[in-house]
Each structure stands twice: as structure tokens, then as C-alpha cells.
Amino acid sequence: EKGGYEHFMLKEIHEQPRSIANCMRGRIHAEEARINLGGISEYANKFLQAQRIIIVSCGTSWHAGLVGEYLIEEYARIPVEVEYASEFRYRNPIIGKDDIVIAISQSGETADTMAAVELAKKAGATIFGICNVVGSSIPRLSHAGMYTHAGPEIGVASTKAFTAQVTALSLLALYIAKHKGSLPSSRIATLLAELQKTPDLITSCLKSEPLVQLIASEIKDSTNCLFLGRGINFPVALEGALKLKEISYIHAEGYPAAEMKHGPIALIDEQMPVVVIATKDSSYEKIISNIQEVKARKGKIIAIVTEGDTVIRDIADYIIEIPFCEEALTPILATIPLQLLSYHIAVMRGCNVDQPRNLAKSVTVE
Ligand code: M6R
């Protein structure tokens with residue numbers, strides 16, 4: 001059942017070229033810049049008229065929501081707020097019938113996310129569910145939605161569900177953009193064609209596994225680890241840190257790289273591995289300065305870079321290359337080496353990767 005892999009988590013990491021392809025199947029007509037989302041049709045106008053969108057979710061799904069915020073604001077030009085479902089529901093949120101609430105949940109059964117949906121629904125909002133488990137509670141509570149079709153995820157640490165959520169949000173953002181006219185069709189066509197290449201690009205990211213294993217063996221005994229990213233890759237830093245915490249029990253934090261100077265830089269010394277997402281995108285020059293700041297304080301830099309990067313190679317202790325892609329798609333690719341890194345560190349530390357202590361696959365308690 002683990003398909004020859006030692007753990008479900010590793011199997012699920014390696015399944016991502018297929019799970020992403022399944023998420024896109026039948027939904028993309030790149031040449032015509034058309035996206036087919038059956039589950040939205042009746043409510044499409046709501047999205048076109050929406051003054052704002054609120055995303056509610058927990059854990060890894062909340063990180064996917066943060067990526068979604070960048071994508072929807074950038075392409076569809078609708079303001080987005082991303083909320084922890086638990087905070088949203090207990091806060092007497094201001095919400096009404098013109099709002100759209102997107103609930104993201106792998107299991108579709110997370111108690112806090114369900115309660116947030118119920119509350120928003122009562123207030124008259126339109127609920128759009130992005131879930132993986134077909135027929136689960138959140139899709140049944142939602143007015144409209146889309147499944148991520150990543151297939152069953154058994155490992156407690158979410159991997160393929162996350163990349164499928166980001167894929168689904170990319171499709172949704174482009175769908176709204178297309179119907180709103182907030183992005184030229186030619187640009188939509190290009191982005192869709194690029195999105196269709198991601199399964200192959202993930203396959204190439206997975207080839208870095210032996211190198212990632214080597215890096216894992218170098219940093220596995222650390223007690224702390226920082227993850228830095230900027231822009232659309234800031235949520236990837238959060239996700240990298242969460243993955244490491246939950247399966248290896250190493251204390252890890254994700255930060256927007258520019259926030260370092262406001263406090264966390266005090267933590268840096270030679271004992272501190274710092275994983276930086278430093279791909280060639282709009283934040284590239286800035287992130288190089290952030291890397292130099294860490295290096296000046298003797299932190300150990302592990303950088304996720306764009307294939308062929310020669311600048312960061314000279315500054316970082318280790319680099320892991322990912323293929324060049326559209327900036328909007330880098331979160332999907334940059335996540336892959338971070339999943340592998342946590343996995344191998346956890347295995348080397350003798351941890352129970354698929355069933356980490358104190359955690360359950362779906363959190364059905366409040
Ligand atoms: O099933 P959901 O997506 O609603 O679950 C949300 C979180 O409980 C979940 O992502 C959790 O953080 C994972 N263990 C992360 O790997």
C-alpha cells in the first residue's frame with residue numbers, strides 16, 4: 001500500500017507530479033485561455049461582483065490560503081483576507097451577503113474550519129469549499145467549490161494536498177481574472193500553459209533528493225531552524241517550518257525575510273541553519289541581501305535557487321536548484337525540496353514520520 005516507499009509521506013511526496021496533473025485534469029484549455037470549473041458556475045457572478053474574499057483554514061491549508069491571497073489579489077484584483085478558522089469564528093467577524101468565504105481543507109472535516117463556514121453561512125456569505133476528501137462535511141456545507149483531487153493522503157504531515165490546494169487556487173484566480181477581464185487573455189493562456197508543465201517540473205525537483213539527504217545529515221542535530229521567503233514564497237517558508245516542527249520535533253520558524261532585522265536576526269549564530277527560498281523572481285536582489293546579513297552572523301545557509309544561479313552558489317553553504325518557472329508557480333516547486341528535507345531529517349532522527357506524536361490526521365476537536 002506504500003507502493004514500495006518506506007513511509008506514506010515519502011510516497012505522497014513522490015506522487016505530486018500525478019496529483020497535480022489530476023487536480024488540473026479537464027479543467028484547463030490553455031490555447032483558448034479557458035478554465036473549466038464545474039463547481040462554480042451558478043456562483044460565478046458572486047465572484048465577479050465580490051468586494052472582498054475571506055479565506056478560512058488551519059495549518060498547512062492556511063499556508064495554501066496565503067499563497068491564494070497573492071494569486072487572487074494579483075490576477076483577479078479582489079482584496080483577500082486569510083484567517084485562521086479558529087480566530088475567525090470566535091471573533092464576531094464582520095461579514096455579510098456580498099462576501100465570499102473560501103474554506104480550504106484537505107480532510108473537509110476540521111472542526112474549526114467547519115464552524116467558521118457555518119457562522120459565515122448564517123451571516124449570508126457565499127461559501128466556496130476547496131477540499132480533497134470527496135463527500136466530506138465542508139463540501140456538503142458549501143454553496144460551491146472545487147475538489148483538489150490529490151487522492152487519499154495518509155501521512156499526518158500534509159504534502160500532496162498542499163500543492164494541489166495551491167494549484168486549485170491558481171485555477172480559481174485565473175478563472176476569476178478571465179471572467180472579470182482583469183488580466184489579458186494572452187497572459188492567462190501563458191500562465192495556464194506554464195501550470196500544465198508543473199508535473200514535469202516537480203519530477204525534476206524530486207531529483208534533488210540525494211543532495212537533500214546530504215544536507216539533512218548535516219543539520220539533523222540542530223535544535224532550531226529558520227525558514228525565510230519573500231512575497232509569494234513567504235507562505236512556503238511557513239510551510240517548510242511547520243513540516244519540520246511536526247515530524248522532526250526541531251523548533252522551526254518561518255519568517256518573511258525582510259522581518260529578520262526586526263528581531264529574529266538576534267537568533268543567528270553558527271548553530272542556526274537558515275533555509276531561504278531565493279528563486280529568480282521579483283524579490284531576488286532583496287533576498288540576496290538578506291542572505292548576506294545571515295552569513296555575516298555565521299548562520300548556515302541552505303538556499304532554494306533557480307537552476308543555473310551562480311551568485312547564491314558563492315554565498316550559501318548549500319544550494320538546491322529548482323527549474324525556472326513563472327513566479328506565481330514557484331511555491332509549488334519550492335515546496336518539494338522542503339518536504340524532502342523535513343522527511344529525511346525526521347527519518348534520521350528516528351521519528352515516526354507518518355504518525356507524529358500528539359497529532360491526528362484530521363482535527364475534529366475544537
Ligand atoms: O484537513 P485540513 O486541511 O483542514 O487540516 C488542517 C490542518 O490540521 C493540517 O493542515 C495540519 O496542519 C497538518 N498536519 C499539516 O501538515
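Remember, it's 1-based here, ligands and their atoms both numbered in the order they're listed. Note: hydrogens, waters and symmetry copies are ignored here, and every other heavy atom, side chains too, is used.
Heavy-atom proximity to S105, at under 4.0 Å, picks out these atoms of ligand 1: 1 (O), 2 (P), 3 (O), 4 (O). Residue S61 has at least one heavy-atom neighbour below 4.0 Å for each of these atoms of ligand 1: 2 (P), 3 (O), 10 (O). Proximity to K243 (heavy-atom distance under 4.0 Å) selects the following atoms of ligand 1: 15 (C), 16 (O). Applying the 4.0 Å criterion to heavy atoms of V156 picks out, from ligand 1, the atoms 13 (C), 14 (N), 16 (O). Of all atoms in ligand 1, listed by their number and element, those nearer than 4.0 Å to a heavy atom of A157 are 16 (O).
Contacts with ligand 1 closer than 4.0 Å are made by no heavy atom of E109, backbone or side chain.
For atom 5 (O) of ligand 1, the closest non-hydrogen atom on the protein side is T110 OG1, 3.5 Å. The single protein non-hydrogen atom nearest to atom 11 (C) of ligand 1 is T60 N, 4.2 Å, given as residue, atom name and distance. In terms of protein heavy-atom proximity, atom 6 (C) of ligand 1 is nearest to C58 O, 3.3 Å. Looking from atom 16 (O) of ligand 1 to the surrounding protein, the closest heavy atom is E246 OE2, 2.3 Å. Scanning the protein heavy atoms around atom 8 (O) of ligand 1, the nearest turns out to be V363 CG2, 3.9 Å.
Remark: ligand 1 and S158 share an N or O pair separated by less than 3.5 Å (distance only, no angle test). Taking any N or O of S107, backbone or side chain, at least one lies under 3.5 Å from an N or O belonging to ligand 1.
Taking the side chain to side chain donor-acceptor pair (under 3.5 Å) definition, one finds that Y175 meets it with nothing, sequence neighbours left out. For H14, the ring-ring contact (aromatic ring centres under 6.0 Å, His included) partners are Y5, not counting sequence neighbours.
Here the closest non-hydrogen pair linking K280 and T306 is N-OG1, 2.7 Å.
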Take D99 and R52 through the test salt bridge (charged side-chain N to carboxylate O under 4.0 Å, His left out) and record every step on the way to the result.
-> CA-CA 6 Å; D99 291 318; R52 67 165 180 168; 2.9 Å; yes

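A cation-pi arrangement is present between R357 and Y249, with the terminal nitrogen or guanidinium carbon under 6.0 Å from the aromatic centre and inside a 45° cone about the axis.
None of E12, Q16, H344, K243 except one satisfies the side chain to side chain donor-acceptor pair (under 3.5 Å) rule with Q339; the exception is Q16.
Not one N or O on the side chain of E194 forms a donor-acceptor pair closer than 3.5 Å with the backbone of L329.
E327 and S282 share a donor-acceptor pair across their side chains, judged by distance under 3.5 Å alone.
Aromatic ring pairs are classed by plane angle as parallel below 30°, tilted from 30° to 60° and perpendicular above 60°; the pair Y84 and W62 is parallel.
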